[in-house]
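Please read the structure below before turning to the comments.
We count ligands from 1, going down the list as the structure has it; atoms in each ligand are counted the same way.
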Amino acid sequence: MSYYVTTPIYYVNGEAHIGHAYTTFIADTLARYKRLRGEDVFFLTGTDEHGQKIEESAKKFGKPTQQFADEISASFRELWDEFGISYDKFIRTTDADHMEGVKKAFEVMYAKGDIYKGNYEGHYCVSCETFFPETQLIDGEFCPDCGRTTSVVKEESYFFRLSAYEQKLLDHYEAHDDFILPKSRRNEVVNFVKGGLNDLSVTRTSFTWGVPLPESMNDGKHVMYVWLDALLNYITALGYGRDEALMHYWPAQMHLVGKDILRFHAIYWPAFLMSLGLPLPQHIGAHGWWTRDGEKMSKSKGNVVSPKEVADAYGIENLRYFMMREVPFGQDGDFSQRALIDRINSDLSNDLGNLLNRIIGMSGKYSDFVIDSKDVRTFHAAEIAEVDAVLDHVESYLDEVQTHRYLEELWKLFTIGNKAIEAHAPWVKMKEGKTDEALAVVALVANILAKASVLLSPFMPKTTETIADALGFRITPEAYRTLIAEKTLLETFTIKKVPPLFPRIEAPRMEQAPQAQPNAGKTEKPEKKAAQKSESKNEDNLITIDQFFSVSLKIGTIVEAEEVPKSKKLLKLQVDLGEERPRQIVAGIKEFYSPQSLVDTQVCVVANLKPAKLMGMISEGMLLAAKDDEGLSLMRPEHPRKAGSSVG
Ligand code: MSP
């Protein structure tokens with residue numbers, strides 16, 4: 001069986017940060033896991049080097065674009081090498097082979113009638129390298145994805161007939177409900193497609209840093225749109241359009257991406273592939289975003305977490321474990337030293353490290369470091385059954401990239417091991433002269449550690465190698481087959497002493513992130529900021545009870561509601577808070593509620609906010625609401641309460 005897994009190719013406009021490291025860790029883990037199962041794996045990563053954004057960044061640094069791209073691409077590659085990332089190919093979109101493949105794909109799409117020449121007039125966000133119709137812009141000017149100013153582009157362009165693929169895409173999502181992972185993200189893609197797809201401008205004439213059109217087009221003015229160029233890397237890496245020796249790996253089983261680039265992978269990419277007559281990838285796995293101490297990371301705030309710095313301070317594999325254990329796949333996660341230290345001390349040091357130390361200690365004391373499993377099934381049938389039950393289902397979590405559930409389940413093995421030691425107290429058995437029974441407990445736990453380290457090895461390859469070395473076996477596909485798939489026990493163990501693997505960490509080892517400025521990151525959407533803040537677990541962000549009570553929360557009754565003309569988001573409400581006159585509150589809830597449905601309903605209001613002006617109208621409070629990917633709900637009392645009653 002073959003397994004093809006990819007990371008996004010990273011833009012070379014800046015150094016790698018932990019967001020990039022996260023995707024790469026997951027891809028590396030999946031690749032290692034599949035290799036362990038004996039599958040034929042191809043793992044691709046690389047760098048995305050064309051486009052206006054890179055051209056502009058190089059200019060800012062005063063370097064020739066190719067040299068700039070070479071340097072940053074090398075820094076990514078060196079970092080992944082230092083981190084032991086087991087990629088099979090590192091692709092660069094400036095590679096001649098890749099560019100040849102892209103031109104070939106363009107020719108195929110053109111010959112099929114899916115590419116035609118026209119004129120583009122619209123808005124472009126250089127940072128997202130994306131075109132937006134005017135209707136999607138915020139305040140007619142700002143990018144709906146990143147909030148930066150867009151620029152008006154008016155140029156001749158070739159278009160890809162994306163609109164022709166609307167129904168085919170919808171049919172594909174319908175027939176493959178796990179095409180997009182986590183499945184909860186599927187709806188947002190389906191709704192986007194149902195909203196209607198415009199043809200996509202796939203060439204640019206206003207700059208030159210891109211793949212030129214194929215010579216057969218005889219049109220030297222154009223270079224390819226960076227996303228067409230970039231997405232095709234997944235097949236050019238296998239030799240598409242040239243020597244197709246590796247094309248048997250296609251289709252990919254897993255494209256890992258961040259949620260911000262899901263649309264490109266779940267809509268444009270399958271449409272391009274359909275046009276090329278190639279099968280579609282099996283899964284697009286979209287992970288969430290990492291923040292630092294509850295704040296969005298950005299260069300201007302100086303709070304970007306460097307994976308190298310964290311790895312140097314805390315250990316690369318501890319960081320890998322933390323990131324994949326801490327956050328449910330698909331959800332946003334927060335990096336803080338506190339959370340990382342907690343994971344190292346409790347999961348790794350207490351649960352895993354201590355168990356290994358106990359086994360090393362007991363085996364040395366009771367049987368000169370040599371133990372065997374001959375009595376394990378006699379004395380510990382119950383524990384073995386529990387272990388086997390974990391083995392039966394733990395791996396299924398990785399099918400949907402649920403790394404946190406996988407690790408959570410895996411940790412149950414350590415609980416079984418620790419409990420067995422407490423319950424059967426081998427030191428008592430030794431005193432009672434029941435040596436066989438005492439050694440059976442030690443062998444049981446040694447087997448548990450062996451099995452757990454095999455299953456943990458894709459996440460922590462070096463650490464588990466040391467554990468296996470201490471137990472006297474090697475982690476190989478053969479060990480996976482016997483210990484995990486066939487559930488056998490290791491017959492004998494020759495145990496070796498190793499220094500503690502996870503010394504406890506008492507204090508942060510890196511400087512704290514600079515304190516966020518209240519107005520930093522002006523381009524962020526306000527609701528995004530609020531969401532990120534609320535996810536923070538950092539102690540610096542904890543408030544006292546007095547601070548909490550300084551916020552006046554009140555129940556209000558909406559007595560009037562109307563639309564704000566020309567605004568897609570705002571409604572103007574009059575809310576009775578039991579005061580002399582109703583308060584006027586301008587709320588961004590128009591996409592979720594009609595004005596009529598709100599009148600006479602109750603809401604929870606922040607009543608002591610400084611009044612603010614929104615689109616020229618005074619707003620004298622704020623409504624509380626819960627928001628997720630599926631929509632927004634206002635917070636309301638379970639039963640009607642008097643207008644003005646306080647909440648808290
Ligand atoms: N070049 C494109 C991808 C082309 S794939 C054919 C690109 N590059 S990127 O460098 O901007 O981003 C690469 C990946 O990093 C994306 O998946 C993005 O979601 C991820 N992240 C960027 N910032 C992130 C966080 N703060 N947290 C987690 N991942 C984030 O997009």
Side-chain angles (χ1 to χ4, degrees), residues 5-27 44-54 57 69 72-73 75-76 79-80 91-94 98 101-102 105 125-130 145-146 148 185 210-211 224-237 252 254-270 272-273 281 284-299 301 303-307 310 323-324 326-335 401 513 521 524 528 531-532 535:
V5 57
T6 67
T7 71
I9 44 173
Y10 303 110
Y11 283 131
V12 289
N13 62 332
E15 305 280 321
H17 59 60
I18 54 160
H20 303 135
Y22 179 55
T23 335
T24 309
F25 291 158
I26 299 178
L44 176 72
T45 190
T47 43
D48 188 355
E49 307 183 11
H50 288 129
Q52 205 170 344
K53 171 152 86 177
I54 309 300
S57 294
I72 308 239
S73 176
S75 78
F76 270 93
L79 185 70
W80 300 154
I91 193 170
R92 301 183 55 186
T93 53
T94 50
H98 165 77
V102 172
C125 172
V126 175
S127 175
C128 297
E129 295 282 20
T130 310
D145 282 353
C146 73
R148 292 184 175 83
R185 286 220 167 267
V211 181
M224 307 235 191
Y225 171 44
V226 62
W227 271 102
L228 174 63
D229 165 5
L231 286 163
L232 285 164
N233 93 91
Y234 300 131
I235 53 173
T236 61
M254 181 67 72
H255 288 314
L256 286 164
V257 300
K259 63 180 182 180
D260 54 316
I261 58 170
L262 173 60
R263 203 192 318 150
F264 298 94
H265 285 80
I267 301 175
Y268 299 176
W269 180 224
F272 294 160
L273 286 165
I284 314 288
H287 64 72
W289 268 52
W290 282 86
T291 51
R292 179 177 199 171
D293 299 325
E295 291 288 328
K296 188 179 158 115
M297 288 182 284
S298 80
K299 279 189 208 144
K301 279 191 239 169
N303 68 344
V304 175
V305 185
S306 144
V310 186
M323 296 190 93
M324 288 188 273
E326 186 76 358
V327 180
F329 183 73
Q331 291 182 24
D332 291 345
D334 187 49
F335 176 88
V401 208
E524 260 172 69
K528 243 193 190 167
Q532 284 159 352
E535 275 152 21

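Among protein heavy atoms, the minimum distance from atom 3 (C) of ligand 1 is reached at Ile9 O, 3.3 Å. Closest protein heavy atom to atom 28 (C) of ligand 1: Gly19 CA, 3.4 Å. Protein heavy atom closest to atom 16 (C) of ligand 1, with residue, atom name and distance, is Ile261 CD1, 3.7 Å. The nearest heavy-atom contact from the protein to atom 13 (C) of ligand 1 is Tyr10 CD2, 3.4 Å. Of all protein heavy atoms, the one lying nearest to atom 15 (O) of ligand 1 is His20 CD2, 3.3 Å.
Arg92 is listed as a side-chain neighbour of Thr94, based on a closest heavy-atom distance under 4.5 Å. Residues Ser306 and His17 have side chains not in contact (no heavy-atom distance under 4.5 Å, counting atoms from C-beta outward). Counting heavy atoms from C-beta outward, Trp269 and Tyr234 have side chains that approach closer than 4.5 Å. Leu228 places a side-chain heavy atom less than 4.5 Å from the side chain of Phe272. Counting heavy atoms from C-beta on, the side chains of Pro281 and Leu273 come closer than 4.5 Å.
Against a heavy-atom cut-off of under 4.0 Å, Asp48 is close to the following atoms of ligand 1: 1 (N), 2 (C), 4 (C). Atoms of ligand 1 lying under 4.0 Å from any heavy atom of Tyr234, numbered from 1 in the order shown and given with element: 5 (S), 6 (C). Annotation for ligand 1: atoms under 4.0 Å from non-hydrogen atoms of His287 are 28 (C), 29 (N). Numbered from 1 in the order shown, with element, the atoms of ligand 1 that lie under 4.0 Å from a heavy atom of His265 read 5 (S), 6 (C). Atoms of ligand 1 found under 4.0 Å from any heavy atom of Ala230 (numbered from 1 in listed order, with element): 6 (C). Counting the atoms of ligand 1 from 1 in the order shown, those under 4.0 Å from a heavy atom of Met297 are 26 (N). For ligand 1, the atoms lying closer than 4.0 Å to a non-hydrogen atom of Gly288 are 28 (C).
Looking at Asp260 next to ligand 1, an N or O pair under 3.5 Å apart turns up. Polar contact with ligand 1: absent for Pro8 (N/O pair, distance under 3.5 Å). Residue Thr23 has no nitrogen or oxygen atom sitting less than 3.5 Å from a nitrogen or oxygen atom of ligand 1, judged on distance alone. For Tyr11, a nitrogen or oxygen atom sits less than 3.5 Å from a nitrogen or oxygen atom of ligand 1, counting backbone and side chain alike. Close N/O approach between Gly258 and ligand 1 is found [any backbone or side-chain N/O within under 3.5 Å].
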| task | Check the pair Met254, Val401 against side-chain contact (heavy atoms from CB on, under 4.5 Å), reporting the backbone distance first and the verdict last. | result | CA-CA 10 Å; Met254 181 67 72; Val401 208; 3.6 Å; yes
| said: side-chain contact (heavy atoms from CB on, under 4.5 Å) for Thr7 and Leu44? Distances and angles first, verdict last. | reply: CA-CA 7 Å; Thr7 71; Leu44 176 72; over 6 Å; no
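For the pair Asp48 (side chain) and Ala230 (backbone), a donor-acceptor distance under 3.5 Å is absent. Between the side chain of Glu129 and the backbone N or O of Gln52, at least one donor-acceptor pair lies under 3.5 Å.
Ring geometry for Tyr22 versus His287: interplanar angle over 60°, hence perpendicular rather than tilted (30 to 60°).
Under 4.0 Å from ligand 1, the heavy atoms of His17 that appear belong solely to its side chain. Proximity of Phe264 to ligand 1, defined as any heavy-atom pair under 4.0 Å, is not found for any part of the residue. Counting heavy atoms under 4.0 Å from ligand 1, residue Trp227 touches it through the side chain alone.
Looking only at atom types and distance, the side chain of Trp290 has no donor-acceptor partner in the side chain of Asp332 under 3.5 Å away. Residues Thr45 and Tyr10 have side chains that never bring a donor and an acceptor to within less than 3.5 angstrom of each other. If you check the side chains of Asp229 and Thr93, you find no donor sitting under 3.5 Å from an acceptor.
Summarising the contacts of atom 26 (N) of ligand 1 with Trp269, Phe335, Trp290, the nearest heavy atom is found in Trp290.
The shortest separation from a heavy atom of Tyr22 to ligand 1 is not under 4.0 Å, leaving the residue out of contact.
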